[in-house]
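Notes follow the structure.
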Amino acid sequence: RKPAATTNDASDGAPPATKLRVQLNWVAEPEFGGLYAARENGAYAREGLEVELKGGGAGSPVVQLVASGQADFGIAGADDVVTARVRGADVVAIFATFQVSPQGVMVHEEQNVASLADLKSGILALELGLPFGMYLRKKLGFHGVSIVPYDGGVAKFLTDATYAQQCYVTSEPIAVKKRGVRAKVFLGAESGFNPYASMIITRGAMLRDKRDAVRAFVRASADGWKAYLRDPKPANAVMQKLNGAMDAETFAAAAEAQKPLIETDASKAQGLGAMDEARFATLASQLVDLGVIAKAPIASECFTTVLP
Amino acid sequence: MPKTVDIRGVKRRFPEKTGPLGGLTNDGASVLAVDGVSFALEEGEFCALIGPSGCGKSTLLRMVSGLDAPDEGSVEVASRGRGEIAYVFQDAHLLPWRSVAENVALPLELGGVSHAERDAAVLEALAQVELTDAANRYPRELSGGMRMRASIARALVTKPKLLLMDEPFAALDELTRQRLDERLFAIWKERKLTILFVTHAIFEATFLAERAIVFSKRPARVVYDQPITLDPENGARTSATRATPGFAREAAKLLSALEGGDT
Amino acid sequence: MPKTVDIRGVKRRFPEKTGPLGGLTNDGASVLAVDGVSFALEEGEFCALIGPSGCGKSTLLRMVSGLDAPDEGSVEVASRGRGEIAYVFQDAHLLPWRSVAENVALPLELGGVSHAERDAAVLEALAQVELTDAANRYPRELSGGMRMRASIARALVTKPKLLLMDEPFAALDELTRQRLDERLFAIWKERKLTILFVTHAIFEATFLAERAIVFSKRPARVVYDQPITLDPENGARTSATRATPGFAREAAKLLSALEGGDT
Amino acid sequence: MSAARRAKAVAAILLPPLGAAIVGILIWESIARGLAIPAYLLPPPSAVAAAAFANAGPLASACLTTSLTALAGFVASAVFGVVTAFVLASSRLVERAFYPYALILQTVPIVAIAPLLVLWFGVGPRAVAASAFIVSVFPVITNTLAGVRAVDPSLRDLFKLYGASHAQVLVKLELPHALPNITTGLRIACGLAVIGAIVGELVAGFAEGSPGLGIVVMTAYRQLRTDLLFAAVLASAFVGIAMFVGISTLSAVALRRYERNN
Amino acid sequence: MSAARRAKAVAAILLPPLGAAIVGILIWESIARGLAIPAYLLPPPSAVAAAAFANAGPLASACLTTSLTALAGFVASAVFGVVTAFVLASSRLVERAFYPYALILQTVPIVAIAPLLVLWFGVGPRAVAASAFIVSVFPVITNTLAGVRAVDPSLRDLFKLYGASHAQVLVKLELPHALPNITTGLRIACGLAVIGAIVGELVAGFAEGSPGLGIVVMTAYRQLRTDLLFAAVLASAFVGIAMFVGISTLSAVALRRYERNN
Ligand SMILES: Nc1ncnc2c1ncn2[C@@H]1O[C@H](COP(=O)(O)OP(=O)(O)OP(=O)(O)O)[C@@H](O)[C@H]1O
Ligand SMILES: Nc1ncnc2c1ncn2[C@@H]1O[C@H](COP(=O)(O)OP(=O)(O)OP(=O)(O)O)[C@@H](O)[C@H]1O
Ligand SMILES: [Mg+2]
Ligand SMILES: [Mg+2]
């Protein structure tokens, strides 16, 4: 079956722009800052690409959309990629935006919890079925804590001082801080669960058939991220127009908060988006441990570095 | 004697159409059904009401029962207590989810009559209309005439003071009708109730009533209002009554009044 | 002459109750409505059917019309084409969302008759039952008698070959009834249709029909089946007919047959 | 005179709901203030109004986006629901065989079939409308079926007597008879189509630039902008009520002939 | 004889849906295989059955959890919906003032009011049942109201004539007359209560102990375990259909008296 995206054959004149569709897993947010920056500052256009960034809701089936050709690229976590490959979906990670997983647990500061292992009472909201929460529960037990589903909001956190919840370090802590509530965040990475996050993924067929376009897209996206890390303001302004529910202040704070997760030693050494086979292997064995998948996929097939 | 029903200059006009928004009505064409009818019934009177089809008889009965109100004029009824008025509608109007006995028991139930008393009264009323056999059947299992009889039993069961009947026996065969005529006459004699009785059968009106009112074609107006005097005055009515010369004479008077109002 | 309707040994029994699960029925008590009725109608016959209330007349008519089937015996009807049988039900059964004219037009509409032809036929049928004025009204705006007349117009409109009528004129006043009687007689004479006519009015049966069948009390059995011979044989019926001695004699025969079957 | 009466009739229709709205808002405001419920849980109506006003543009555009998909799903439900009900009504066997399974449409969580929806309808409004359809079709089927089943058997007899075809019985008897039930089903479908569209937006993606109310609800919820959240919730209720009033008005006109025969 | 007929009647009721199920499963299997749709999008029924079998314990316990809350919400809907409809029916003014706003219950996304639910009912089954109630009550109101409004005016006249009190009209006329409509409303409410409970579990339920079907659905979805996901979806449909069949049976018994008077 032909992929839905069409790449017009380059002819000798100025080649018409290649149309590409990117499926996001949420609305315009700093998490996607580099992509919007690349689109706004012309990085995609310079590569001859016309990129459509499609928003999604919390339940958007990004992996399925990419695997089935409805989108050319998508945003997903490394755990999604590993799981999807085991289930038979040929998706491959091509750019690891967040080197450190932004996923964590936030706790009210008054609770005086020094580490997550001290959490022994109250309520903890975790996203159902997400390996992150399963890992923490398996490792830390959380005996005496009621586990409830995480729904993406923070209202319940504000109403209840014994409420702890899963969070994106770039999002919920900022939201509660605006209300004058101080939260302590424990990153999952500190407990040993650190999948790459906000990865750009594509399907195997794209890599085989349109490697040039993929390469151009990753190159331009990396440029976009560089620009965004330098100065997030222009892209933020564009994104804020698309996401009226988030104010400029929050955009700025989130962009600031995510910087250290993107720029790490590894990405400074190997360039933005760098990926390492060992981390995929670790993740795969963790997922097997948690029972999410029965058997680990070949780690090297989960990702590919398309740039030379 | 006190007036049980007093009707003065009653007019009733139906709007032709109901508007789309509930309250709005089109003031255009309307149907004048009753046009200035006046008469009074004294307590204990048995009055037959005759008139051409569609002239406004049922409309008048509804106003007497209090279910409808005149546009002009007044209708005064002395006894408006619970169960004091009974009305045999032109259609049977039985509750389809109740058996015959349960349908007949309804007015008593609504009046808070005790179970035991109710059962006795229902049995008596069913016997009066010869429907004892069908007590436990449902309306859909009845013939047309049986449905009407159930409806009559329901009206008799409260022993009302004022009985309004809209062609109650039209769906019955001649013999059943005659038996019920006689029984109704006996009940009236015994209980001294006031009866306003719409009928198309002139013979029936002559047989039963003390007085007959004839309506003109729509809009209804009173064209005839006279007592009916049969030879065995105030005596019992039997099959033989129908053969007396007085009977034929009174019937002829009514027929000619009807003919007069029909033009 | 060919038989238009041939009824042989027909029995019909209604189960007393329908079970909770649709298909299941309680085999206990049941009502035998028609018990071995046989008679035949020749083409062009006008036959009156008389019997006590609840005896099984409507049940028989339903079986002749094909809407119900006998449990035993057979009902054969010669002309079963579209619009060849018309049936005036005991209740009017009008579609409440259609005006009178639209209700009367229904059988023609179902038969695919063209608009223009339909309108003409509807107007004619409405005139026959004196309902032209009310053509555009809705059933809820009609009196009881007007509803029945609309239903009669609907039956006449297809010019059927076999006309089944279940007490069509019971809700009409004496004068309208006599006019419609005469008109029905004229239509029968003119169109040579076969009519099976249930009535409670013995005078009406005598006036109209060539033949009368009397049923016994439920379960219905034929207790009387004789031609009616009036003095002006095969002549036109007028008001004067009702005064002839032959008329009274025939009526008396029917009444005594009814009395015989009622015990 | 007639104009005055008309104005009075319109007032009789409009004033009660307006009055109720005002009373409701006052009660809400006093609860929010009196019980001191934090504004991030239950903002006072004044705050909601302010948020609605400040975000009037995006809210209006979100309303439009959601209305269109909800309406598309609703229309599909109306057509498909009525047709399906008539097919089911055609025989007891067919009804018994298939009707219970129609309920699956009602109980399936949209998120679970989101991948199939986007696979078949693509990311965007068509998948969202499909979600609105799935959520809203069952009540239309059920009510229409109930209406068809309730047709007076003696009217069926009448049609049978005159040799009506199956199609004629459907068009001239069953459909007009079931019309009141169908509008009841459609009234229920209105609200369900709106919530179906909102849920659909959360799983089936949307075109950039015109996010619907579902997206506004979720983003406001995540950002704890409860005033905006409530404004969006009320906006979705408004979309539902507008469809509801539309259906009710249409049905009042269509059903003028239907007042019961007495 | 009678036993044989009874068996035959039961077969007539059970065979058609079973046959349809078997045909449906065969078609599904052949689509999944024939069109080579990847199993992570549409698993073949055999895979779903295998997943259901492998997870029979957790699925059964999830079914039970969800059934209980859905049933609680459903019962609340039935009671509150019928009562509300009778209040609305008591006057046109009341109906006009409040009925349209009842629709808000239907259009509000549960997630938006999840914090309020948790505040008022606490985390757990009570909040989940409240969600099931909110999602399922409107159809009960609407159908009951339609039933009460359709009472034959001449029967109302009869009750008026005999001086029936408001309560008597309600109990002896309106309620029995509206019973068929009420059961239609309840049939719709069944499925909605199930989906309401599932949605409620996702925002206000417990994730451990005895998690409901909503939790299973989300977990399976997140982990792309589409076979288990479909098993859970079918399980929730099963809960809905079980409630539906229950209501249908009850109503068939209750409505035996209701076959139309002809
Ligand atoms: N609700 C209504 N709307 C409009 N017109 C009506 C309404 N009810 C009755 N009418 C009209 O009023 C007139 C009188 O009707 P009514 O039922 O009183 O007649 P009736 O004398 O009882 O006739 P019948 O002997 O045929 O029963 C008729 O012309 C009828 O069409
Ligand atoms: N559907 C039914 N179920 C059970 N019993 C029925 C049913 N229909 C008719 N019956 C019974 O069959 C008998 C005959 O009914 P039918 O309607 O034929 O009487 P009829 O002769 O037309 O009486 P009427 O002159 O009162 O109309 C009655 O006792 C009636 O109770
Ligand atoms: Mg009348
Ligand atoms: Mg009969």
> For E:L161, is it the side chain, the backbone, both, or neither that has a heavy atom closer than 4.5 Å to a heavy atom of chain B?
Replying inline: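 Both the backbone and the side chain of E:L161 come within 4.5 Å of chain B.
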To the closest 0.5 Å, what do you measure between [atom1] ([X]) and [atom2] ([Y])?
| X | Y | atom1 | atom2 | answer |
| --- | --- | --- | --- | --- |
| E:Y162 | B:E109 | OH | CD | 13.0 Å |
| B:L95 | E:L158 | CG | CG | 6.5 Å |
| B:W97 | E:L173 | CH2 | CG | 5.0 Å |

>> Does B:R183, at its CZ atom, have more than 12 non-hydrogen atoms belonging to other residues, nucleotides or ligands within less than 6.0 Å?
In response: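 Correct, the count exceeds 12.
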> Does CZ belonging to E:F238 count more than 12 external heavy atoms closer than 6.0 Å?
Replying inline: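 No.
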What pair of heavy atoms forms the shortest contact from [X] to [Y], and how long is it?
| X | Y | value |
| --- | --- | --- |
| B:R62 | E:D157 | NH1-OD2, 2.6 Å |
| B:L110 | E:Q168 | O-NE2, 3.0 Å |
| B:H93 | E:S154 | CE1-OG, 3.1 Å |

> Who in residues 155-171 of chain B is close to chain E, using a strict under-4.5 Å heavy-atom cut-off?
Replying inline: B:A155, B:T158
